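Beneath this line is the structure, given in structure tokens, with notes to follow.
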Protein chains: 2
Amino acid sequence: MLERYINEYKARTKRSRELFDNAKMVFAGGVSHNIRYFKPYPFFTTKAEGKYLHDVDGNVYIDYWMGHWSLILGHSHPFVAERVIEQASNGFIYGTVNKISLELASIITKLIPRIEMLRFANTGAEATMYAIRLARAYTKKRVVAKIEGGWHGFNTELLHSVNYPFGNEGLGLIDDKYLISIPFNDLSSIDILDKVKDDLACIIVEPFMGGAGAIVGDKGYLKGLEEYSKKNNALFILDEIVTAFRFKCSSMHDILGLEPDLITLGKIIGGGLPIGAIGGKKEIISLASPEFKKDERCNIGGGTFSANPLTMTAGLATLEYLKNHTYLYDELNRLGDIARREIDKVMRSYSVKTCTTGLGSLFLTHFLNDNDEVRNARDASLCNIELQKLYHLALMVHGIFFLPSKLGAISIMHNENDIKQLIEVTEKIASEIHL
Amino acid sequence: MLERYINEYKARTKRSRELFDNAKMVFAGGVSHNIRYFKPYPFFTTKAEGKYLHDVDGNVYIDYWMGHWSLILGHSHPFVAERVIEQASNGFIYGTVNKISLELASIITKLIPRIEMLRFANTGAEATMYAIRLARAYTKKRVVAKIEGGWHGFNTELLHSVNYPFGNEGLGLIDDKYLISIPFNDLSSIDILDKVKDDLACIIVEPFMGGAGAIVGDKGYLKGLEEYSKKNNALFILDEIVTAFRFKCSSMHDILGLEPDLITLGKIIGGGLPIGAIGGKKEIISLASPEFKKDERCNIGGGTFSANPLTMTAGLATLEYLKNHTYLYDELNRLGDIARREIDKVMRSYSVKTCTTGLGSLFLTHFLNDNDEVRNARDASLCNIELQKLYHLALMVHGIFFLPSKLGAISIMHNENDIKQLIEVTEKIASEIHL
């Protein structure tokens with residue numbers, strides 16, 4: 001029984017509790033972003049450094065959340081922080097074009113050659129919104145197909161069929177007749193798109209589902225979506241906000257042999273500062289050019305803060321570091337493999353049926369109910385999420401932070417001992433589950 | 001004839017020209033954000049400090065663009081920069097709740113009491129998108145009324161009727177039957193909303209139109225929109241992304257005696273780092289709470305980078321500085337008054353018919369054609385925008401930067417001598433217009 005950890009967590013986080021009570025006065029439910037809420041209340045971070053988070057009660061956690069998976073170099077890596085600090089004295093936002101954005105764009109197009117041209121936005125949600133707009137502009141068609149459980153940020157276009165039981169995602173959203181959801185890792189029902197294929201602007205898919213629970217897309221399935229798109233003159237958009245520069249010093253599409261028309265980026269390419277980007281074929285991105293008149297142009301941002309020198313500096317430093325240390329990916333991927341294998345092993349040794357999914361340095365332990373595997377968002381939703389959250393809370397009491405029910409990310413600051421410790425603590429928690 | 005300034009600008013910006021040629025290889029039209037493009041090509045900023053921008057050719061400009069008007073304290077003000085630099089070593093993004101966001105939320109609710117609760121997003125475009133979603137969630141109605149020429153960012157909901165000749169804003173946007181545009185500063189045609197009033201979710205309006213050209217809303221007009229909203233059970237949303245903390249250490253609504261249900265914020269509250277916020281009545285913002293089940297909740301972000309400690313630190317430092325130096329607003333507003341009055345005076349003395357609009361420290365010089373005044377976006381669009389852009393390019397050659405055709409913002413780093421210099425240079429340029 002892991003419930004005892006709730007009280008232990010409370011005993012260790014008294015100052016956070018007070019702050020949370022204050023936060024409820026100004027934030028709905030005490031948080032400014034719902035996924036950062038967890039029961040009984042979230043701790044308040046006061047400092048992050050390397051692989052550690054420090055909270056206001058003096059607790060220290062080995063962090064596997066890593067800034068929503070955006071910090072592959074860990075928190076405030078000196079190579080990045082020093083340049084960000086230097087830039088902070090030279091301006092946060094120029095509001096004008098700058099060389100750093102050109103350098104960041106150049107390194108991205110070099111490392112991901114399918115990105116011939118790109119545009120920087122401020123968030124992933126903006127990037128996917130712009131991708132849809134570009135697809136509609138380029139194809140002159142309207143229907144967007146997304147994946148059931150697919151997460152592309154809070155934009156209205158794609159905030160549909162995200163969370164179980166899928167379909168509508170709450171109040172204030174109007175049913176969108178131009179949006180269709182299709183299952184993940186299952187091509188058998190792709191013919192539901194046939195009835196709209198003449199109006200199909202794009203299929204957008206994460207090659208690795210992040211928010212839905214660290215689920216790898218089958219190569220054949222993704223290739224099938226790509227072929228269906230091309231056959232029907234629709235764009236194939238790969239949302240690589242989570243995956244680009246995560247598994248290798250490039251994006252995931254070439255691991256899988258995919259040829260997307262557009263790729264959305266975010267997270268790692270900003271080095272921890274706000275960023276999104278939309279890139280791909282020149283003839284598509286070019287539609288955004290200011291050289292075109294209003295009615296011949298696809299009006300995508302930018303935005304006030306886009307390509308600001310602080311974000312550009314952090315992103316450029318991060319990608320330069322990765323480019324000069326590509327061997328680090330082998331270690332990151334290896335540590336992830338160990339975590340996936342060993343966590344399930346110790347869980348099984350205490351008769352706890354888990355399935356730790358993921359790829360490379362990203363992983364999430366699902367607690368299986370009736371299902372045997374997790375191949376899509378529906379499978380993940382049918383797992384024992386309450387137990388998963390308690391497991392993550394128990395880890396916190398033991399000084400290891402996963403945002404409850406969200407996948408973990410290994411950074412280059414983590415080492416094999418950290419993974420061993422995670423497995424040891426997991427073994428202890430596993431032994432208590434059936435007590 | 002101001003055309004000679006094009007060649008002078010080119011002669012002074014050769015290195016920028018080279019970079020711009022490179023930029024065209026990776027960015028559509030050479031820019032990542034279209035409004036940063038201007039003819040013949042934009043200069044590349046390499047450093048910003050106080051009131052100055054430095055470009056790659058060694059030119060120095062007194063900056064009136066000021067980071068899309070977000071830098072009321074000037075670039076990298078030490079009070080802000082020092083705290084941002086300290087924070088940069090302690091983490092860019094925690095991915096968890098933090099005390100700094102609570103402090104920033106608290107100071108905002110204190111200085112703008114109508115904001116009982118709020119939520120941080122990353123951009124103004126996200127904030128206004130969330131405002132629309134909340135309005136629809138709260139009222140259970142669908143239609144959104146916006147202003148012709150009103151600018152609320154690049155979100156799909158509100159990217160309509162922004163630029164002359166208004167209506168559709170380009171490729172990739174689907175006609176939205178739930179969006180209606182109404183004129184600015186003119187209540188006579190508000191009855192076009194009567195036919196949708198039972199389905200009217202909100203009216204969203206900037207009390208001072210920024211993007212449309214520094215146009216002040218009449219108090220009676222804005223009050224009329226508010227009354228119409230309330231009478232028809234629709235929300236009245238004031239977009240104060242540009243205006244909050246610009247004219248006084250609070251938002252513009254209380255200058256005008258308005259009582260909006262929701263207020264959107266951005267720009268200044270982030271101290272130059274990416275931010276947006278949506279605030280207002282507790283009973284409306286509460287709909288976003290994670291305590292509600294999915295289908296009873298209004299799903300607004302957040303977002304990965306929302307409430308990140310770097311932005312929160314910059315915003316908090318900025319608002320604390322403003323709160324402790326409220327007397328600065330008198331000077332900012334006075335300098336704006338001088339600019340508006342004197343620019344038009346020197347222009348008129350050379351028979352150039354201008355109308356410098358604005359309020360407080362925001363101002364823009366319109367070159368009138370047939371019209372005598374600029375009271376809405378249509379009036380502004382009918383002015384001589386090519387001449388306005390040439391005027392701004394000429395100012396650049398004289399070391400003064402306005403983003404061509406965009407309004408200028410005075411920061412606390414500007415002083416009366418800067419305004420005098422602006423007027424003197426304007427006089428010189430005015431003398432050349434009819435040559």
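Numbers restart at 1 for each chain; the letters A, B, ... are given by sequence-line order, proteins then strands. Since we're looking at a predicted model, the values are computed, not measured.
No part of A:Y138 comes within reach of chain B, as not one of its non-hydrogen atoms sits under 4.5 angstrom from that chain. B:F401 touches chain A through its side chain: at least one heavy atom from C-beta onward sits under 4.5 Å away, while N, CA, C and O do not. In this structure, chain A has heavy atoms under 4.5 Å from both the backbone and the side chain of B:V97. With a 4.5 Å cut-off on non-hydrogen atoms, B:R15 touches chain A through its side chain but not through its backbone. At a 4.5 Å heavy-atom cutoff, the contact between B:L71 and chain A is made by side-chain atoms alone. With a 4.5 angstrom heavy-atom cutoff, A:Y164 touches chain B only via backbone atoms. Both the backbone and the side chain of B:P165 come within contact range of chain A, each with at least one heavy atom under 4.5 Å from a heavy atom of that chain. A:P78 does not touch chain B: none of its heavy atoms, backbone or side chain, sits under 4.5 Å away. The parts of B:K267 that come within reach of chain A are both its backbone and its side chain, each placing non-hydrogen atoms under 4.5 angstrom from that chain. Heavy atoms of B:N168 lying under 4.5 Å from chain A belong exclusively to its backbone. Contacts between B:S16 and chain A at a heavy-atom distance below 4.5 Å are absent for every atom of the residue. Interface remark: B:I85 contributes backbone and side-chain atoms alike to the contact with chain A (heavy atom separation under 4.5 Å). For B:A23, the parts sitting under 4.5 Å from any heavy atom of chain A are the backbone and the side chain alike. Interface residue B:H75: only side-chain heavy atoms are found under 4.5 Å from chain A. Heavy-atom distances place both the backbone and the side chain of B:L118 under 4.5 Å from chain A.
Taking the side chain as every heavy atom from C-beta outward, B:V26 and A:L102 approach each other to under 4.5 Å. Annotation: side chain of A:E126 is not in contact with side chain of B:N122 (no heavy-atom distance under 4.5 Å).
If you tally non-hydrogen atom pairs under 4.5 Å between each of B:T139, B:L287, B:N22, B:N163 and chain A, the highest count goes to B:N163. Looking only at heavy-atom pairs under 4.5 Å with chain A, the residue among B:G91, B:A121, B:G74 that has the most is B:G91. In terms of non-hydrogen atom pairs under 4.5 Å with chain A, the most contact-rich of B:R142, B:Q87, B:K282, B:E169 is B:E169. Heavy-atom pairs under 4.5 Å with chain A were tallied for B:I275, B:I108, B:I35; the largest tally goes to B:I275. Between chain B and the residues A:E116, A:M129, A:K293, A:H54, the largest count of heavy-atom pairs under 4.5 Å involves A:M129. By number of non-hydrogen pairs under 4.5 angstrom with chain B, the leading residue of A:Y37, A:F27, A:W65, A:F120 is A:F27. Your options are B:L310, B:L173, B:I115, B:L53, and the one with the most heavy-atom pairs under 4.5 Å with chain A is B:L173. Listed options A:F305, A:F92, A:F38 were ranked by heavy-atom pairs under 4.5 angstrom with chain B; first place goes to A:F305. Interface summary for chain B: among A:P274, A:S289, A:A88, the most heavy-atom pairs under 4.5 angstrom belong to A:P274. Your options are A:E49, A:E296, A:R297, and the one with the most heavy-atom pairs under 4.5 Å with chain B is A:R297. Interface summary for chain B: among A:A201, A:G67, A:P42, the most heavy-atom pairs under 4.5 angstrom belong to A:G67. Between chain A and the options B:G301, B:C298, B:A81, the largest number of non-hydrogen pairs under 4.5 Å is found for B:G301.
The one candidate from B:T45, B:D55, B:D63 that meets the side-chain contact (heavy atoms from CB on, under 4.5 Å) condition with A:T96 is B:T45.
The structure places OG of B:S32 at 11.5 Å from CD1 of A:I278, a figure rounded to the nearest 0.5 Å. Atom CE in B:M117 sits 10.0 Å away from atom NZ in A:K24 (nearest 0.5 Å).
For A:F166, the CZ atom is densely surrounded, since the number of other residues' heavy atoms within 6.0 Å is greater than 12. Atom CZ of A:F292 has more than 12 neighbouring heavy atoms from other residues, nucleotides or ligands inside a 6.0 Å radius.
Heavy atoms only, all atoms of each residue included: B:F154 and A:N299 are closest at CD2-O, 3.9 Å. Looking at every heavy atom in both residues, B:Y94 comes nearest to A:T46 through OH-O, 3.2 Å. Shown here for B:P290 and A:A28, the closest heavy-atom pair between the two residues is CD-O, 3.7 Å.
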Handout entry: B:L171 and A:R136: CA distance, side-chain angles, deciding distance, side-chain contact (heavy atoms from CB on, under 4.5 Å) verdict
Key = CA-CA 7 Å; B:L171 305 178; A:R136 285 175 168 155; over 6 Å; no
Practice task
Evaluate side-chain contact (heavy atoms from CB on, under 4.5 Å) for B:N155 paired with A:T156, printing each intermediate quantity in order.
Solution key: CA-CA 9 Å; B:N155 65 64; A:T156 307; over 6 Å; no
Exercise for the section: Before giving the answer on side-chain contact (heavy atoms from CB on, under 4.5 Å), spell out for B:T109 and A:M25 the whole-Å C-alpha distance, their side-chain angles and the decisive distance to 0.1 Å. Expected result: CA-CA 10 Å; B:T109 55; A:M25 308 292 286; over 6 Å; no
Problem - Worked check of side-chain contact (heavy atoms from CB on, under 4.5 Å) between A:R119 and B:N34 - result: CA-CA 10 Å; A:R119 176 155 286 200; B:N34 287 359; 2.7 Å; yes
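For B:K99, the salt bridge (Lys or Arg N to Asp or Glu O under 4.0 Å) partners are B:E103, not counting sequence neighbours. Considering only residues two or more places apart in sequence or on other chains, A:K110 meets the side chain to side chain contact (heavy atoms under 4.5 Å, CB included) condition with none of them.
A donor-acceptor pair shorter than 3.5 Å cannot be found between the side chains of B:N98 and A:R36.
No donor-acceptor pair under 3.5 Å is formed between the side chain of A:N308 and the backbone N or O of B:L273.
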